[in-house]
Amino acid sequence: STRVRSSAASDVYKRQLLMNFIDNSAFNLLNEPLYQKYVLPVIKEIETSYASEITVQKLSQQVYVTPQYLSRLFSKFLGCSVYKYLTNYRINKAKELLLTHQRMEIQQISQLVGFLDTSHFIAMFKKFTGITPLDFRKLN
C-alpha cells in the first residue's frame, strides 16, 4: 500500500496530542513506568501500522496484557480507550490525505488508513469530526 506522509500536518497533530497530555495530567508521562512499558509501545505500533488490520486484542498481546488492562491504562494516561485512540489517529491520517490528494477517492483513502469498509469509515469520520469526508474536503 502507498503511504503518504505530510510531516507538517503530522507535526501539528503530535503537538496537539502533546498539549492534551500536558493539559490532562499533572505528572510527566515519560517518567511514568506503566506508560513507558505498555502505552508508549502501543502508540508507536499504532503510528506505524495504522493502515493494516490491527485490533486492541493484537495490540494488547504485543505488550503482554489484557485488552481491558491496556484500555484502562490508555484511559488513565490519555483519557480515551485504545480503540478511540486508534480510530482518531486513522481519522487524522485520512484528513491529511483528503487535503493533500484532492483527486483520491474516499474509498481508497479509507483503505489506506486501515478501514476495511468505506461506509464504516464515513460513519466514523462523521462521528469524530461532525462532517463527512467529502464535506471536509469541500470545506478545505
Closest non-hydrogen atoms of I122 and P133, given as atom of the first, atom of the second and distance, are CG2-CD, 4.0 Å
Mark yes when over 12 heavy atoms from residues, nucleotides or ligands other than K37 sit less than 6.0 Å from its NZ; otherwise mark no.
no
Where does the angle between the aromatic ring planes of F74 and Y85 fall among parallel (under 30°), tilted (30 to 60°) and perpendicular (over 60°)?
perpendicular
Out of curiosity, K93 NZ to I91 CD1, how far, rounded to the nearest 0.5 Å?
13.0 Å
Examine the side chains of E96 and T100 and answer whether a donor and an acceptor come within less than 3.5 Å of each other.
no
Closest contact, heavy atoms only, V63 versus P41:
CG1-CB, 4.0 Å
Side-chain contact, heavy-atom cut-off 4.5 Å: Y89 with V113?
no
Side chain to side chain, N88 and Y83, heavy atoms closer than 4.5 Å:
no
Apply side chain to side chain contact (heavy atoms under 4.5 Å, CB included) to L86 and I54, showing your working.
CA-CA 9 Å; L86 170 62; I54 52 178; 3.6 Å; yes
One should read off an interatomic distance between M124 CE and F115 CZ, to the nearest 0.5 angstrom, of 6.0 Å
Rounded to the nearest 0.5 Å, how far apart are NZ of K126 and CG of L134?
12.0 Å
Return the OG to NZ distance between S49 and K58, rounded to the nearest 0.5 Å.
10.0 Å
Is a side-chain donor or acceptor of T48 paired with a backbone partner of E45 at a separation under 3.5 angstrom?
yes
Could you give the distance from NE2 (H120) to OG (S110), rounded to the nearest 0.5 Å?
10.0 Å
When you look at CD of E53, are more than 12 heavy atoms from neighbouring residues, nucleotides or ligands closer to it than 6.0 Å?
no
Which heavy atom in R90 sits nearest to a heavy atom in S52, and how many Å separate them?
NH2-O, 2.8 Å
Indicate yes or no: at least one non-hydrogen side-chain atom of L116 is less than 4.5 angstrom from one of Q111.
no
Min side-chain heavy-atom separation L97-L112 under 4.5 Å
yes
For the residue pair F121 and I109, establish whether any side-chain heavy-atom pair is separated by less than 4.5 Å.
yes
Criterion side chain to side chain contact (heavy atoms under 4.5 Å, CB included) on L78 and Y35, from CA distance to verdict:
CA-CA 10 Å; L78 305 179; Y35 177 82; 4.2 Å; yes
Between S75 and S81 the two heavy atoms that sit nearest each other are OG-N, 4.2 Å
Test side chain to side chain contact (heavy atoms under 4.5 Å, CB included) on N140 and F136 and set out the steps.
CA-CA 6 Å; N140 296 285; F136 176 83; 3.4 Å; yes
Between D135 and I131 (side chain of the first, backbone of the second, donor and acceptor by atom type, cut-off under 3.5 Å), is there such a pair?
no
A side-chain contact here means heavy atoms from C-beta on lying under 4.5 Å apart; do Y38 and V42 qualify?
no
Give the intermediate values and the outcome of side chain to side chain contact (heavy atoms under 4.5 Å, CB included) for residues L59 and I46.
CA-CA 8 Å; L59 291 167; I46 287 171; 3.9 Å; yes
Looking at side-chain heavy atoms only, is the closest gap between I106 and F125 below 4.5 Å?
no
For R137 and H101, which heavy atoms make the closest approach, and how far apart are they?
NH2-O, 2.8 Å
Side chains of K95 and T129, heavy atoms from C-beta outward: is any pair under 4.5 Å?
yes
